[in-house]
2 protein chains.
Amino acid sequence: MPRVKCPKCGKVETILKSGFVRGVQRYYCKECIYHFTLIKKGRYRSSSFDNKRQTTIIDIAKAVGVSASTVSRALKNHEDIGSRTKALVKQAAIELDYQPNLLAQSLNRRETHVIGVVVPDIENPFFASVLSGIQHTASASGYKVMIYQSNESHKTEAANIQTIMNNWIDGLLICHSKETQTFEHLKLQMKKGIPIVHFDRICEETATSKVLLDNVTGAKQIVTHLLNEGCRRIAVIAGPKHLYITKKRIEGYESAFKNANIELNERWIAYTDFTKSSIHDAIDNWLMEEIKPEAIFCISDNSAILTMMYLKHLKLKIPEDICVAGFGNDYTGRIIEPALTTYDPHAFKVGETATKLFFDQVILGDKFEIKTVTIAGELIVRSSSLKRSYNPSDEEA
Amino acid sequence: MPRVKCPKCGKVETILKSGFVRGVQRYYCKECIYHFTLIKKGRYRSSSFDNKRQTTIIDIAKAVGVSASTVSRALKNHEDIGSRTKALVKQAAIELDYQPNLLAQSLNRRETHVIGVVVPDIENPFFASVLSGIQHTASASGYKVMIYQSNESHKTEAANIQTIMNNWIDGLLICHSKETQTFEHLKLQMKKGIPIVHFDRICEETATSKVLLDNVTGAKQIVTHLLNEGCRRIAVIAGPKHLYITKKRIEGYESAFKNANIELNERWIAYTDFTKSSIHDAIDNWLMEEIKPEAIFCISDNSAILTMMYLKHLKLKIPEDICVAGFGNDYTGRIIEPALTTYDPHAFKVGETATKLFFDQVILGDKFEIKTVTIAGELIVRSSSLKRSYNPSDEEA
DNA sequence: TTTTATATCTTAAACGTTTGCGATATTATT
DNA sequence: AATAATATCGCAAACGTTTAAGATATAAAA
């Protein structure tokens, strides 16, 4: 056995072994009751982390010969710091290519400058536009955008919200999935006090700011337009009954009729699930009857496209035999023939507004009162509804 | 003057005033040379931060009666911790609704589990799909996705990269803007050793992994198909000459001709900037000549749509008078009449693959070797190119 | 000159985790 | 019974900033 000296008393004869810990022999001195090991391992973090190391405030401090706090203050022009020191610090910061560690900042300040966004599906053009609006607005104010998709699944949505909230975001912008009908998963997180803004498919049960499409007005404008074109029997391809947009757009539809003092028949409203087959079924049902619709108002552009394709398949002429209108102003509506009359909800602006509402809440803090903003869109009249004045050559090249 | 006692020696007569600092009177004791203030302000962080406070590892430690490090280890099943303690800690964690602070974790571990993504434009369906693929794949592995748009601007792209890199992301997935022709802004950041993966519009100068569309094969397949349909004079609506996709798709175009042993005329290649007017100009030029093209291969679906609309405007019949094909398989290609022959680049898979390449690099570390993956797409033949067998009723309903 | 102000820095704690290594009580070996 | 090994914990430093409050040198005032 090697002669081991006690680091305290220096004696050798009092030393005993004391087992292994993580593979290294330990000793202890009977007299001092002092435990110790011989091998001194390397430092806290040895090698692999070093190359990732960025210049820190401390590096600057050393370079300039001041303390770290002085550097911190100098960089943000704190009045306590002398102009000479400020200049030196800033100079060094540039020379050393200093970039503040936002993580450390966030940890300290308890804010991340990250906005979490949950949308059902990024590939949906509407949401893509909203997202674009969010990203632009956020970026302009130095905020970052973290995205999640629920894939129209309630379960995924709940999971997303859970993880997103654990990431110390400063705010959450959300559009619920079609499936979502209960909102406990959201209410649970609201206790943390993080600003939440709903858009499009909102939740009416929570005290959150909301950004809405002008569903009622939009639908009303479209239907009024159809009425003006002379259509009286206007059918509706609606979505699932529980959906917010379904309710609202139907409301606009009814409002238009009421406004025009025209009777409305429940028979003309078909609640579908937006699938091709459910839409075809609805159309088949209407066409089987004696009295057929003169126009079909589809609650979404996508279903309008499906409707038009099916009608064309049935050799019906649009708009001569039947008019069609959609809602959303997807790019496709411009492409299909005849071009689709629709309502542009100004999706980009929806995202923009949602982000701004979030900013308001951040700035005003407790003084902020939640509000609901409705984004005015615009009616886009194209050939698919121009029964009276249809002229194929109107189509733009 | 109030009688102030020295906190050290307790004397009163030795106390002198010593100015104000941040509004509070300071004193000092002549004897002790000790400076002090009377008012003791509140703690480090007083009120407003408290409500945002989450349960920490320290709270659990107190509740269970162990140290913070034991809690940390217990929660990740470290072998050093006894099973009884583990159970107690986990129980307390649940009861106190503990959520680890990912910021603190990231700061300590020097990894954020965040992937930064820079795309030219989220509203572009192709990028939306790629983004969707990235988000899905990242989420599945517990990574978060932070998005930026360059808006096809080199300047914005550079700024994005700069800020994104300061955010301690674990990796960067990027598709360059159309404008981008120099890559110094990227190379500068590469020194930090953060994995970068290029997709679609890649950078050939950097040692980064890349995910490519099968531009050459795709274009070749399309053109070969057109040749098979009997077209010989196949014109091309290309993009700007410096663009990677322009080069590659032209390469495929030429390859198809070479393969078929057919002479190719430079006259049939038009470099546009994808705008409506530049496309119209190109078409006008071709149609003015004696010998007109039998087919037009557009390098993107969007330009194909514009081409078709213009051709229809000119009363040319597609595909009888002239065939058209695109590239990209945008949704619109299914809607337009006749439906557009195109090439599906499998955008979602591009995003998925880029993310996986990033993961590979993270897992393998230094042992990882950069690679370039080409995603096989598929030719989508629709009516717009079926010169020989065109039957309008083929269109799907 | 003596006392008080001002200008400019520094110290140290705090944000919430992770982790190297030291410290004991307990159990197993001679 | 003495010594060695094992099983469990705790301490403290480190990640990079921010900031309340203390410490001086210098200038101003009395």
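No hydrogens, no waters, no symmetry mates; every other heavy atom, side chains included, goes into these values. Quick note on labels: first sequence line is chain A, next is B, and so on, each numbered from 1.
- Taking 3.5 Å as the limit, the base of D/dA4 and the side chain of A/Arg26 contain no donor-acceptor pair of atoms between them.
- You'll find the side chain of B/Asp80 stays beyond 4.5 Å of the side chain of B/Thr70, heavy atoms only.
- Nearest to the side chain of A/Arg109, among D/dT18, C/dT17, D/dA23, sits D/dT18.
- In this structure, B/Ser67 reaches the D/dG10 phosphate: one of its side-chain N or O atoms is under 4.0 Å from OP1 or OP2.
- D/dG22 atom P lies 18 Å from atom CD1 of B/Ile33, rounded to whole Å.
- Here the shortest heavy-atom pairing between B/Ile60 and B/Ala92 reads CG2-CB, 4.0 Å.
- Put simply, A/Gln105 has a side-chain N or O that comes within less than 4.0 Å of OP1 or OP2 on D/dT18.
- Between A/Tyr27 atom OH and D/dA5 atom P the separation is 10 Å, expressed in whole Å.
- Contact check, A/Gln25 against D/dA5: a side-chain N or O comes under 4.0 Å of OP1 or OP2.
- For the pair B/Lys17 NZ and D/dA30 P, the interatomic distance rounds to 12 Å; values are reported in whole Å.
- Remark: C1' of D/dT19 and CD of A/Glu79 are 14 Å apart, rounded to the nearest angstrom.
- Both A/Val66 and B/Ile58 lie near DNA chain C, and the one whose nearest nucleotide falls closer to the 5' end is A/Val66.
- Taking atom CH2 of B/Trp168 as the reference point, atom P of D/dC15 lies 10 Å away to the nearest angstrom.
- Atom CG in B/Leu16 sits about 13 Å away from atom C1' in C/dA5, given to the nearest Å.
- If you check distances only, the side chain of A/Thr85 never reaches the base of C/dC9 with a donor-acceptor pair under 3.5 Å.
- Considering only the side chain of B/Val21, D/dG22 comes nearest among D/dG16, D/dG22, C/dG22.
- A/Ser72 contributes no side-chain N or O that forms a donor-acceptor pair with the base of D/dT19 under 3.5 Å.
- The shortest side-chain heavy-atom distance between B/Asp170 and B/Tyr143 falls under the 4.5 Å cut-off.
- Put simply, CG on B/Asn108 is 13 Å from C1' on C/dC15, counting in whole angstrom units.
- At a cut-off of 3.5 angstrom, the base of C/dA14 holds no donor-acceptor pair with the side chain of A/Arg110.
- If you look at B/His154 and B/His176, their ring centroids are not closer than 6.0 Å.
- Between the side chain of A/Arg73 and the base of C/dT10, at least one donor-acceptor pair of N or O atoms lies under 3.5 Å.
- Within 6.0 Å of atom NZ in B/Lys187, more than 12 heavy atoms from other residues, nucleotides or ligands are found, so the atom counts as buried in its surroundings.
- For B/Gly65 and A/Tyr28, each mapped to the nucleotide of DNA chain D holding its nearest heavy atom, the one lying further toward the 5' end belongs to A/Tyr28.
- Side-chain contact check for B/Arg110 versus B/Trp168: some heavy-atom pair is nearer than 4.5 Å.
- When heavy atoms are screened at a 4.0 angstrom cut-off, A/Lys86 is found touching no nucleic acid atom at all.
- Each of A/Ile81 and B/Asn101 has a nearest nucleotide on DNA chain C; the 5'-most of these lies closest to A/Ile81.
- Here A/Ser18 lies in heavy-atom contact (under 4.0 Å) with a base.
- For the pair A/Asp80 CG and D/dA20 C1', the interatomic distance rounds to 11 Å; values are reported in whole Å.
- The nearest heavy atom of DNA chain D to A/Ala104 and to A/Ser69 marks one nucleotide each, and the one closer to the 5' end goes with A/Ala104.
- Distances were taken from every side-chain heavy atom of A/Lys76 (C-beta onward) to each of D/dC15, D/dT18, C/dT18; the shortest belongs to D/dT18.
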